[in-house]
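Keep in mind the model is a prediction, meaning the values are calculated, not measured.
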Amino acid sequence: MATTEHPPSRLRGWMLQGLSDMGKRGGLTGPHAEPEPPHRGQRWWRVMCLTGVDYFSTLGYQPGIAALAAGLLSPLATIVLVVVTLAGALPVYRRVAQESPHGQGSIAMLERLLSFWKGKLFVLTLLGFAATDFLITITLSAADASTHLVENPHLTGTLGGHQMLITLILVALLGAVFLKGFLEAMGVAVALVGIYLTLNLVVVITGLWHVLTAEHVVTDWANALTVQHGSVFAMIGVALVVFPKLALGLSGFETGVAVMPHVQGDPDDTEEHPAGRIRDTKKLLTTAAVIMSCFLITTSFITTLLIPAAEFKPGGQANGRALAFLAHEYLGNAFGTVYDVSTIAILWFAGASAMAGLLNLMPRYLPRYGMAPHWARAVRPMVIVFILIAFLVTWLFDANVDKQGGAYATGVLVLISSAAIAVTIAARKAGQRGWTIGFGVISAVFLYTTVANVIERPDGVKIGVCFIAGIMLVSLLSRLARSFELRVTSVAMDPMAERFVRDMASRKIRFIANEPDNRDRAEYRDKIEQIRTDNDMPEQEDFVFVEVTVADPSEFETCLTVRGEVLHNRYRVLTVESSSIPNALAALLLHVRDLTGRTPHIFFEWTEGNPFANFLRFFLFGQGEVAPVTREVLREAEPDRARRPRVHTG
């Protein structure tokens with residue numbers, strides 16, 4: 001299906017570098033495109049640092065959020081969060097890694113449950129919440145980084161009042177990293193995570209030392225808890241109730257499975273059976289969860305006991321930066337400034353793991369559905385799109401961390417709940433009764449948490465709905481714009497079909513497009529007579545019938561397998577399955593032209609009915625007015641009229 005090629009500009013070549021389905025010389029799709037170079041991958045602990053810049057960076061604001069939500073019960077509520085993390089989210093995503101090892105995450109598992117347009121709309125909805133999660137990660141982390149920068153004692157006077165500008169600059173710098181090429185920056189993530197966790201360990205040890213050496217601190221806290229809540233059971237009950245407000249501490253798991261393709265695995269791994277990648281991704285998820293759980297418990301404990309409650313509130317010195325407050329308070333402004341720099345760096349780079357998740361997730365679905373342009377598979381154009389959206393979100397939320405918390409938590413919880421449901425269904429299908437019950441309980445916990453969070457902070461759902469509506473609108477417009485595009489990635493013919501084509505190549509290649517009905521002798525005989533009469537052709541002209549069966553019309557790209565058969569000892573028929581009749585016919589004609597060097601002809605009869613209604617049938621169901629659409633697909637695929645297959649309609 002070769003077409004006329006035009007050398008791209010240098011800028012276009014740079015922007016589309018690495019595009020998997022567009023050749024570097026002409027934007028060709030399918031078998032004519034140059035293959036994407038193989039990906040070597042990285043060691044699991046390095047990829048853990050990539051996801052860790054998101055997951056671990058929540059230490060920058062999670063203790064403060066916990067203190068605001070739970071007050072004196074913050075350590076107990078955090079223990080509930082850790083239990084849910086280790087006994088709930090971790091087993092769920094270990095199973096997701098096993099079931100979907102190519103980076104699609106739980107969305108791919110749920111996609112298999114629904115077919116046709118229902119499945120596509122369901123996936124688009126989940127992608128809307130994924131976009132909410134990942135994009136708010138970028139903007140919230142940048143906003144919190146700017147908060148740490150602005151509230152540093154040495155910089156408050158200089159940078160005060162410029163938080164919006166600083167946040168936008170940080171988001172832009174993140175985009176610049178990805179435009180340069182992000183895999184090379186994996187070492188930056190490793191260094192940032194190593195330094196940040198080390199500094200946090202110093203702060204935690206110092207905080208615990210002050211708590212243990214000042215015995216009245218623990219006593220005062222315990223007495224205050226007793227006065228405020230009475231019994232231990234009341235404390236546990238309140239901790240369970242406020243737990244959903246701490247849901248931000250669950251972020252990072254969806255990113256962990258989204259970047260699975262970057263995990264190296266074993267030398268003998270294949271794309272069909274990447275056993276090493278799955279094993280190492282489970283190590284990644286488990287190690288990150290254990291490290292984070294230890295830090296969550298200890299940091300919530302020391303911040304609750306050592307920081308006055310008033311400092312956590314908006315305007316307080318510990319608002320959004322509780323550990324930084326302790327670093328300055330107990331280790332001096334010099335260490336505190338180093339800690340601030342490290343926190344700012346990892347919060348800024350936290351958007352990197354979210355961006356990596358977006359770039360791994362979105363191109364796996366939208367272009368395949370025809371719901372994004374070809375360039376959506378390339379990294380750099382998508383980086384620009386996501387950064388512009390991040391600018392808009394930052395402006396709408398006024399670069400405020402607290403205002404974005406609800407949307408972030410909603411995105412995180414919806415994705416985790418969908419993952420829990422997906423693995424429950426997978427376990428049930430596998431006949432694993434124990435795992436089915438366990439995952440079912442986990443699903444119920446996360447669904448409760450999601451509902452509670454939505455009731456508490458409905459703004460998160462509103463933002464998620466806006467992302468979903470935006471994705472739906474862009475997807476619809478893209479699908480309309482690409483309706484007449486040649487979207488067949490490959491054509492394969494069986495020996496009988498090749499024999500038919502070789503036989504016709506010695507004369508004239510003439511096909512008849514036939515909608516199969518009874519497939520009896522009379523159907524084919526009458527069809528030939530009708531075509532000869534409509535086109536005033538002599539009887540000695542011979543034909544080969546082409547019959548296309550529509551499989552799933554909601555699919556966009558497809559591979560064609562052409563089979564040949566002789567019916568009633570006389571009529572030669574090529575049969576094809578595709579998501580669209582016109583696209584399948586156009587692809588077959590171009591393939592036959594390239595195979596034989598001859599120009600094929602195809603004959604249709606007009607379809608009765610309203611043209612607009614027929615177009616909707618084609619758009620939604622792959623049928624409709626086939627003849628003019630086939631001709632239009634050919635016109636777009638082959639600009640040279642002299643080389644274009646001929647379409648005849650009578």
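- When atom types are taken as modelled, the side chain of Thr599 and the backbone of Pro645 share no donor-acceptor pair closer than 3.5 angstrom.
- Atom CZ of Arg499 has 12 or fewer heavy atoms from other residues, nucleotides or ligands within 6.0 Å.
- Judged by distance alone, the side chain of Glu99 and the main-chain N or O of Arg95 form no donor-acceptor pair under 3.5 Å.
- In this structure, Asp494 and Val562 have side chains that are not in contact, with every pair of non-hydrogen atoms separated by 4.5 Å or more.
- By the 30° and 60° cut-offs, the orientation of the rings of His568 relative to Tyr524 is tilted.
- In this structure the side chain of Val592 reaches within 4.5 angstrom of the side chain of Phe511, judged on heavy atoms.
- The closest donor-acceptor contact from the side chain of Thr649 to the backbone of Phe604 lies at 3.5 Å or more, if one exists at all.
- The two residues Ala427 and Phe439 have their closest heavy-atom pair at CB-CD1, 4.1 Å.
- Scanning both residues, Glu523 and Arg519, for their nearest heavy atoms gives OE1-N, 2.5 Å.
- Judged purely by atom type and a 3.5 angstrom limit, Arg277 uses its side chain to pair as donor or acceptor with the backbone of Pro101.
- When side chains are defined from C-beta on, Val414 counts as touching Thr450, because their heavy atoms get closer than 4.5 Å.
- The side-chain heavy atoms of Glu498 and Arg502, taken from C-beta on, include a pair separated by under 4.5 Å.
- Between Arg279 and Asp266, at least one side-chain N (NZ, or NE/NH1/NH2) sits under 4.0 Å from a carboxylate O, which counts as a salt bridge.
- The main-chain N or O of Arg643 is found under 3.5 Å from a side-chain atom of Arg593 such that the two form a donor-acceptor pair.
- For the pair Arg598 (side chain) and Arg507 (backbone), a donor-acceptor distance under 3.5 Å is present.
- Asp280 places no side-chain N or O within donor-acceptor distance of the main-chain N or O of Gln264, the cut-off being under 3.5 Å.
- For the atom pair CG of Asn583 and CG of Leu634, the computed distance is 9.5 Å after rounding to the nearest 0.5 Å.
- Residues Ile512 and Val544 have side chains not in contact (no heavy-atom distance under 4.5 Å, counting atoms from C-beta outward).
- A donor-acceptor pair under 3.5 Å links the side-chain atoms of Ser417 to the main chain of Phe446, judged by distance alone.
- At distances below 3.5 Å, at least one donor-acceptor pair connects side-chain atoms of Arg644 with backbone N or O atoms of Glu638.
- Taking 4.5 Å as the limit, some side-chain heavy atom of Phe545 sits within range of a side-chain heavy atom of Tyr571.
- A salt bridge is defined here as a Lys NZ or Arg NE, NH1 or NH2 lying under 4.0 Å from an Asp or Glu carboxylate O, and Glu577 with Arg563 fails to meet this definition.
- His601 pairs with exactly one of Arg646, His648, Lys508 by the side chain to side chain donor-acceptor pair (under 3.5 Å) rule, that one being His648.
- The two residues Val576 and Ala584 come nearest to each other via the heavy atoms CG1-CB, 4.4 Å.
- Annotation: side chain of Arg43 is not in contact with side chain of Val263 (no heavy-atom distance under 4.5 Å).
- A donor atom on one side chain and an acceptor atom on the other are found under 3.5 Å apart for Glu547 and Asn514.
- Contact of the Arg572 side chain with the Met504 side chain is registered, since non-hydrogen atoms from C-beta on lie closer than 4.5 Å.
- The closest donor-acceptor contact from the side chain of Ser100 to the backbone of Val96 lies at 3.5 Å or more, if one exists at all.
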